Amino acid sequence: MRILGIETSCDETGVALYDSEHGLLGHELYSQVDLHGEYGGVVPELASRDHVRKLLPLINVLLDDCQLQKSDIDGVAFTNGPGLVGALMVGACAGRALAFSLGVPAIGVHHMEGHLLAPMLEENPPQFPFIALLVSGGHTQLVRVDAIGQYALLGESLDDAAGEAFDKAAKMLDLDYPGGPQIARYALKGVAGRFTFPRPMVDRPGLDFSFSGLKTFTLNTVADQAQKNTEQSGLPDEQTCADIAHAFQEAVVDTLVIKCRRALEQEGLSRLVIAGGVSANQRLRERLESALHKINSSVFYARHEFCTDNGAMIAYAGCQRLLANQVEDLGVKVKARWPLNELSSLSYNDNKSGENNG
Ligand code: KG4
Ligand code: ZN
């Protein structure tokens, strides 16, 4: 069974074809980073319009690359939340219409479930149960995953998401959007130990996060150091900026590592999945690998291009839901907000349609 996956929840147009027997057949991605770069963040209306321009041509490129026709598609999966409503509508309307015209099922996919399952596309996928750390631009959550659709939220950010904190810190240092990869690159040049940033909420019990205090600390440090710069650029000198980026990244990574260990210990599990844009962070991967090795646990993540938004994760998640007959009715429904634990688990003898209530 071949499933077309469509991702348009934010600023990437992603499409992919996943075969339930042969795995991923191909994927294409068009990033809107250049479009939004000059505004320093995603402009929702521009995002929607660009998805309209890019989506159908990208599906054609994908089919050509896979040497397949539209008639070879057995189901169309699309992200229908959470995300920017206008952007979601583009993928959901196109996906629903395409499925209708081909006479195949349409499957609405939860964007974060897509992220969470992305490591399943790799050679050594994790077995259930595991803990998932979902770290993207909009989410920072620790979830216990017992099976697809069986999600228990263990903790989450009370304010900014980890990716959002990276993006805001980058802005303070006048780095380009999106800030996560820029901070990571800059941090490589930073000197360890020159600045020590707070590790928010690690002294308190529980698995929640908070990154807003760290953001204020970063802002104050940048302002303080900028005053000392004789060049009067409004910023600290180049090396100091790199040192701040380094200290900031260490603080976020340390906080995430501490909470992941705590979640594994609390739940008595030994497998951790990290997913979402921030899981592309090399320092986070290294630190988790060494911390988890010490407690006989392992960390799983997707290849770099499937950590950030992509169509492959949507095609994979959609395929799993279709195999359990969880398909959409003819309506197009998208959700800006959608808690992960509202998803139903997979029941393979369930033949009713429309139960995915996307
Ligand atoms: O999952 P994603 O592509 O989109 C959302 O669903 O939000 O995540 C995007 C976020 C952005 O905040 C971006 O700065 C962050 O992931 N990010 C990173 C890295 N690559 C992307 N953060 C830290 N280090 C990275 N290497
Ligand atoms: Zn995402």
Side-chain angles (χ1 to χ4, degrees), residues 5-14 16 27 29-33 36-37 40-42 44 47 51 78-84 87-88 91 109-119 132-141 156-157 160-173 175-188 190 211 214-215 218 245-246 248-257 273-288 301-314 316-317 335-338 340:
I6 298 175
E7 159 60 35
T8 64
S9 69
C10 191
D11 58 347
E12 325 270 2
T13 315
H27 67 100
L29 187 77
Y30 177 80
S31 173
Q32 300 179 353
V33 161
H36 301 291
V42 179
H51 287 309
F78 45 83
T79 308
N80 61 347
L84 302 171
L88 288 165
V109 173
H110 191 294
H111 181 76
M112 296 313 291
E113 178 170 76
H115 274 305
L116 192 156
L117 297 177
L133 172 70
L134 303 178
V135 266
S136 68
H139 291 77
T140 300
Q141 295 185 326
E156 63 184 332
S157 178
D160 293 352
E164 196 181 352
F166 266 100
D167 294 339
K168 287 178 179 168
K171 232 178 199 176
M172 293 171 202
L173 294 171
L175 298 174
D176 289 344
Y177 162 85
Q182 303 287 343
I183 290 268
R185 216 165 293 138
Y186 225 34
L188 291 173
F211 292 108
L214 183 59
K215 183 178 65 185
T218 309
H246 186 280
F248 171 84
Q249 179 173 264
E250 286 306 294
V252 175
V253 165
D254 236 12
T255 308
L256 295 174
V257 171
V273 160
I274 54 171
V278 183
S279 68
N281 187 280
Q282 196 55 32
R283 184 70 179 145
L284 176 65
R285 292 173 169 201
E286 287 165 11
R287 288 285 317 283
L288 277 172
Y301 40 77
R303 73 195 81 162
H304 211 281
E305 61 206 299
F306 295 163
C307 289
T308 44
D309 294 348
N310 64 86
M313 65 185 195
I314 303 304
Y316 177 82
K335 296 180 185 184
R337 293 180 169 276
W338 188 4
L340 195 57

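Residue numbers count from 1 along this sequence. Atoms within a ligand are numbered from 1 in the order they appear, just like the ligands themselves. Atom set for the values below is all heavy atoms of this structure, side chains included, hydrogens, waters and symmetry mates excluded. Since we're looking at a predicted model, the values are computed, not measured.
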Would you mind checking which non-hydrogen protein atom is closest to [atom], with the distance to 0.1 Å?
atom	value
atom 24 (N) of ligand 1	N281 ND2, 3.0 Å
atom 12 (O) of ligand 1	D167 OD2, 2.8 Å
atom 6 (O) of ligand 1	H111 NE2, 3.1 Å

Does the N or O separation between [X] and ligand 1 drop below 3.5 Å for any pair?
X	result
E12	no
G277	yes
F166	no
M112	no
D309	yes
G137	yes

Requested in this report: Would you check if the side chain of R285 reaches a backbone N or O of S279 as a donor-acceptor pair within less than 3.5 Å?
Outcome: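 Checked: pair present.
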Query raised in the report: Any donor and acceptor pair, going by atom type alone, linking the side chain of S136 with main-chain N or O of G277 inside 3.5 Å?
Result: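 Between the backbone of G277 and the side chain of S136 there is no qualifying donor-acceptor contact (under 3.5 Å).
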Query raised in the report: Using a distance-only test with no angle check, is there a side-chain donor-acceptor pair under 3.5 angstrom linking H111 and D309?
Result: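 Side chains of H111 and D309: pair found under 3.5 Å.
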Query raised in the report: Can you find a side-chain donor-acceptor pair between Y30 and D11 that sits under 3.5 Å?
Result: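 No, no side-chain donor-acceptor pair sits under 3.5 Å.
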**Report entry** Closest D309 atom to the Zn ion (ligand 2) [N, O or S only]
**Finding:**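 Considering only N, O and S atoms, D309 comes nearest to the Zn ion (ligand 2) through OD1.
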Query raised in the report: For ligand 1, which atoms sit closer than 4.0 Å to a heavy atom of G138?
Result: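 Contacts of ligand 1 toward G138, numbered from 1: 7 (O).
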**Report entry** Atoms in ligand 1 flagged as close to G163, the criterion being non-hydrogen separation under 4.0 Å
**Finding:**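 Within the 4.0 Å cut-off of G163, ligand 1 contributes 12 (O).
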Query raised in the report: Which bit of Q282 is near ligand 1, meaning a heavy atom under 4.0 Å away: side chain, backbone, both or neither?
Result: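 Near ligand 1, Q282 shows nothing, with every heavy atom at 4.0 Å or more.
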Query raised in the report: Can you tell which of A169, G180, C10 gets a heavy atom nearest to atom 22 (N) of ligand 1?
Result: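 Nearest heavy atom to atom 22 (N) of ligand 1 lies in G180.
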Query raised in the report: So with a 6.0 Å cut-off around NZ of K171, is the heavy-atom count from everything else above 12?
Result: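 No, the 6.0 Å shell around NZ holds no more than 12 heavy atoms from other groups.
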**Report entry** A184 versus N281, closest heavy-atom pair with distance
**Finding:**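 Shortest heavy-atom separation between A184 and N281 comes out as CB-ND2, 3.8 Å.
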**Report entry** Interatomic spacing from OG1 in T218 to CE in M172 - rounded to 0.5 Å
**Finding:**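 Result: 5.5 Å between the selected atoms.
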Query raised in the report: Out of T79, L117, L340, which one pairs with M112 under the side-chain contact (heavy atoms from CB on, under 4.5 Å) rule?
Result: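 So the option named by the test is L340.
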**Report entry** Short N-O contact, E164 and K215, less than 4.0 angstrom
**Finding:**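 The answer is no: the pair does not qualify as a salt bridge.
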Report task. Please report the C-alpha distance between F306 and H27 in whole Å, then the side-chain angles of each, then the deciding distance to 0.1 Å, and finally whether the ring pair (Phe, Tyr, Trp, His ring centres under 6.0 Å) criterion is met. Result -> CA-CA 10 Å; F306 295 163; H27 67 100; 4.7 Å; yes
Query - Metal proximity, H115 vs the Zn ion (ligand 2), N/O/S cut-off 2.8 Å - result: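 Yes - counting backbone and side chain alike, H115 has an N, O or S atom under 2.8 Å.
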Query raised in the report: N/O/S of H111 less than 2.8 Å from the Zn ion (ligand 2)?
Result: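 Under 2.8 Å: H111 contacts the Zn ion (ligand 2) through an N, O or S atom.
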